[in-house]
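Sequence lines set the chain letters: A, B, ... in the order given, protein chains first and strands last, and positions in each chain run from 1.
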2 protein chains.
Amino acid sequence: MSGPARVTHASTRAAVLDLVRAAGMISRVGLVNATGLTGGTISTVVRGLIDEGLVAETGHAESTGGKRRVMLQLNHFARYAVGVHLDDARITYVLTNLGGAVVARISRAGAGADEQAAVVARVAREVDALIDSVGVERDRILGLGLVAARPSEHHEFGRALERATALPVVLDHDATAAAIGEHWSGGVGATSTFAALFMGTGIGAGIVLGGTTYRGPSGHTGEIGHTCLDLDGPRCWCGARGCLEMLAGPAAVVEQARADRSLSRAAGLVGGRTRAATPVAADFAAISRAARQGNTRAVALLERSARYVAAAARTLANVLDLEVLVLTGPSFAIAGSVYLPVLRAELDSAFIARDAHPISVRLSPSAASAPAIGAAAIVLQSELVPRRQGLRLPEDLAAEEPPVFQQLVR
Amino acid sequence: MSGPARVTHASTRAAVLDLVRAAGMISRVGLVNATGLTGGTISTVVRGLIDEGLVAETGHAESTGGKRRVMLQLNHFARYAVGVHLDDARITYVLTNLGGAVVARISRAGAGADEQAAVVARVAREVDALIDSVGVERDRILGLGLVAARPSEHHEFGRALERATALPVVLDHDATAAAIGEHWSGGVGATSTFAALFMGTGIGAGIVLGGTTYRGPSGHTGEIGHTCLDLDGPRCWCGARGCLEMLAGPAAVVEQARADRSLSRAAGLVGGRTRAATPVAADFAAISRAARQGNTRAVALLERSARYVAAAARTLANVLDLEVLVLTGPSFAIAGSVYLPVLRAELDSAFIARDAHPISVRLSPSAASAPAIGAAAIVLQSELVPRRQGLRLPEDLAAEEPPVFQQLVR
DNA sequence: CTTTCTTTGTTTAGTAACTGAAGAATCCTC
DNA sequence: GAGGATTCTTCAGTTACTAAACAAAGAAAG
C-alpha cells in the first residue's frame, strides 16, 4: 500500500528495453534509479534481454569510488521493422533497425485509383525489394507498420498485405505515426508531452502525452486542420467555417497562388493543366521553391499561412500544456524554414505556460519520411513496449474476435 | 506475455471500488465482466471492501437462469470529504460522502485582499462549521480539496490550511476539479474521454482522457480561453491576439453590454459604480437575467458569445476526440441555457469524428458548485484510486544525487 | 418432489513478478 | 594489501493474481 511505485508486470521488460534505447548507453544502476525497481529485478531482466540478443554490455564507466558500472547498449541490429506510408502522391517505404534508425528507404509513386489487389501485390513486392536490398533475414523483421491519412479506409488493405507479406501488420494514422517516430528516434524525451504538427495535403497533429501516444476513443485525434480561426471564414467540407485547412493549408496556399498570375508564372505552377495525381503537392513545392529564391509574393503567401498555423499551434499548446512541438510531414519538409520562425515567435510571446516551462519548437530532421519511420517505430513499440497498462476495458470484452490483424485505430 | 491484461497491484482495490461507485449497484459477476479479473480475485477484493465497511451487500438481482446475483453497493456514509473552491467573488464549501453526493454546502463572500493568516483562520472556522452542521465524526473525513483558478499561487495557503484544520489538503485547478466532479458524480462514463468547459470570470477546460484526468507537465492544461478565433482580434494579456476570453468571455460580454446604454439601463448593470469585489460576475448575471426575460439585445450578446465558445469547443473536441462535453462553472450555471443549444448545433454539424461516435453536450446539474464538489472528489480519488501506475518519473529522481555517469534523457 | 442444468460465488493450489537482504566481485585509497 | 565503496547476483519470501475444483442457490423438466 505504501511501498515504492511499481511497474505493471508485462511491461517491465519493455520498459527497461525502452530506457536502454532512449538513454543510448546506461548501467544497471542507472536502470535501478530510472525505474525504481530493485537491483535484483534489473539484474534478471537485463540478463533476459542479453540472452535474447537485444542488449549487449559495452565497456565500463568511470568509477565513482567503487566497482565500475558495466554499460549496456541496445543491440541495434538484432531486429528490424518495416514502415509503409500510403500517401495520395507517394508510397514511402523504410526499413529501420531496433533503434529506429533507417537502414533502407525507397519511395514510389502513389497508387491512385488502381485495383486494390494489384496495389497489395505491388506493395508486397516493393517491401520484399526493400528487405532484400540490405539482405536482412526475414525472421528478424518484427512486422510492418502501415500508416495513412484515413487509416479506417485501409482496413482490408492491411489484412491483405498481412497475407501477402507474411508479416504482422499494424495500422495507424500518419500524423500519430510521425509523432511516435520523433519520439522513438530520440529527439524528444521519454516522458515528454509533445505534438508533431503534420502537414501533408491536410494538416493534423500526432499527440504524445507524458510519453504515451494519445489516440482518443475513435482514433480521430489531433485534427487541428479543423481548428476554427475565423468564425465567418469560408465553409469547410467538415461542416464548419474558418477551419485552418481552408484558410492556410497547402491546398489553400496553392489556390491563392494560382489566383496570382504573376506568381503562377514565376513559380511555374502545374495548376489544372496536367493530370498529375497531386497537383497540390507539386504546386506547393513550386511555391516554396519560389519563396526560397526570394519571390516576395511567394514568401508573403507562405508567411500568411504560417501565421494561421502558428495560431492553431498555440491553441493546441495551450490546451495540452505541450513541452515540445515538432514540425513534420512532406509540406514542412519543403517549407518548414518559413513556418518555423513564425511558430517560434508566436509561442515565445503567447504560450500560457511559458513561465512554468519552455516550449521547444523544432523542425523534424527527417520530415519527408517521418510517417514511414513512425510506422516502423509503431511496430517496434508494439513489440517492445507495454501492450497496455491498467484495467482491461469493457469494450475489449465486446470484441473478442481472434487477433489476426492488429489494428491500432478503430 | 500473451495472457489477458492485468491490473497494477495497488490499484485493484481502488478500481473495484470505483466500479461499484460508478455503477451504483453491481454484482460480483458484473465486476468480473467489467474488470477482466477472475471470480476468485473479485471475491477476495470485495470481501476486503466489505470488511472495511466501504461496500455492502444489498439484496439480490433477478435470476438469469441460475443462482441470483448478490448486489453490492457503496456504503455512501462510510467516509466523507471536504471541498473548498476559492473564487475571487466567493468561497464555496461542500461536504460530500463517499459517493460524491453533497451532504452539506455553504457559500461565503470571497477573501478579497485580506491578510492570508486571517483568511486561513476564517476558512478553517467555516470548514469546522460545515462539518459540525451535519455532525460527522472528524476521523471519517478523508481530507480537504482546495481548488482555485491559479492553484500555484495558493501553495502556502494550502499548507497553512492543512495545519489549521488537521486535514490532509490537496490543491488543484478549479476547471480540472469541475471535470473530476462531473466524472465522479456519475454523469459521465468511467472510461470516457470528456472535457468540462468551465466558465467563471475566465474560460477554461478540465480534461479527462479515457477516465484519467489529464493535468499536463505543469498543470496548465485546457486553457481554451486562449484559443485563437481571430488572427487580428484584440490583444490579450497572454500576449496573443483574438483569444476567446477577450472576444467572448464573461468580462467581454459585460464590457459590450456596458457600452450599450439601453441594455445597461434595462439590465440594471452595476458597472463601475460600486466597489463590489466582482462587478463582472454581478453584471454577467444581470445580463443573463435580462436575456431570460426576453431582452433581445441581451440575448443577441450572449448568443454572439456562444458562437465563439462553440467554435473553441469544436476545436477542442476535434483535437481530443471527445465523447462528452459538460458545461459547468458559475457563468454556465446562469447562462447555460443560452449556450447549450449553440454548442450542440455546432458539434452536431461539424465535429470531425461524428460518424465514428456521437458527442454528447450537456449542462452540469450543479454548475455553480461543481468546482467545490470536484475538489472533494479529488480527495476521494486520491484516497481510493491508484496513486500511480507505471514507471517512476524523472521528476521523482530530481531530488536524488546524480551518479557521475547518468545518461538518462532529460 | 426429484433430478438435472445453469449460474453465482468461494476455496485452494500454483505462478509470475516483484522485494529485501545477504553475499560475491570489482575497484579505489591509503 | 587491508578496508571501504560500489556494483552486481543470488535466493528466499511476499503479493497479487490465475485456473480449476467445488459449493450453494435457483430454474426447468420429469
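- Rounded to whole Å, the distance from NE2 on B:His60 to P on D:dG26 is 7 Å.
- Annotation: the span from B:Arg69 atom CZ to B:Glu57 atom CD amounts to 14.5 Å, rounded to 0.5 Å.
- A salt bridge does not link B:Arg215 with A:Asp321: every distance from a Lys NZ or Arg NE/NH1/NH2 to an Asp or Glu carboxylate oxygen is 4.0 Å or more.
- Between A:Leu72 atom CG and D:dC8 atom C1' the separation is 11 Å, expressed in whole Å.
- Here the side chain of A:Ser43 is nearest to one of C:dG9, D:dC17, D:dT10, namely D:dT10.
- OP1 and OP2 of D:dT7 both lie 4.0 Å or more from every side-chain N or O belonging to A:Arg28.
- Rounded to the nearest 0.5 Å, atoms CG (A:Leu98) and CZ (A:Arg140) are 10.5 Å apart.
- Atom CG of A:Leu49 and atom P of D:dT9 are 13 Å apart (whole Å).
- Following rounding to the nearest Å, A:Met71 (CE) and D:dT7 (C1') show an atom-to-atom distance of 12 Å.
- A residue-by-residue look at B:Gly39 and B:Lys67 shows that B:Gly39 has its nearest nucleotide of DNA chain D further toward the 5' end.
- Summarising the geometry, atom NE2 belonging to A:His76 is positioned 10.5 Å from atom OG1 belonging to A:Thr96; distances are rounded to the nearest 0.5 Å.
- One distance of note links CG of A:Leu54 with CG of A:Leu49; it measures 6.0 Å at 0.5 Å rounding.
- Summarising the geometry, the separation between CG on A:Asn33 and P on D:dT6 is reported as 13 Å, rounded to the nearest angstrom.
- The listed nucleotides are D:dT10, D:dT18, D:dA24; the one nearest the side chain of A:Arg47 is D:dT10.
- Using a 4.0 Å cut-off, some side-chain N or O of A:Thr64 falls inside it from OP1 or OP2 of D:dT7.
- Rounded to an integer number of Å, the gap from B:Glu62 CD to C:dT8 P is 13 Å.
- Across D:dC8, C:dT8, D:dT18, the shortest atom-to-atom separation from the side chain of B:Thr38 is found for D:dT18.
- When rounded to the nearest whole Å, the span between CZ of A:Arg13 and P of C:dC18 equals 13 Å.
- Remark: B:Arg68 is in phosphate contact with D:dG26, judged by side-chain N or O atoms under 4.0 Å from OP1 or OP2.
- In this structure, A:Ile42 places its CD1 atom 14 Å from P of C:dG20, rounding to the nearest Å.
- Phosphate proximity of D:dT7 to A:Arg69: present, with a side-chain N or O under 4.0 Å from OP1 or OP2.
- Listed pair A:Ser63 / C:dC27 fails the phosphate criterion, with no side-chain N or O lying under 4.0 Å from OP1 or OP2.
- Here the nucleotide nearest the side chain of A:Val70, chosen from D:dC8, C:dT19, C:dG9, is D:dC8.
- At the heavy-atom level, A:Thr41 lies under 4.0 Å from base atoms of the strands shown.
- Look at A:Thr12 and you'll find a side-chain N or O under 4.0 angstrom from OP1 or OP2 of C:dC18.
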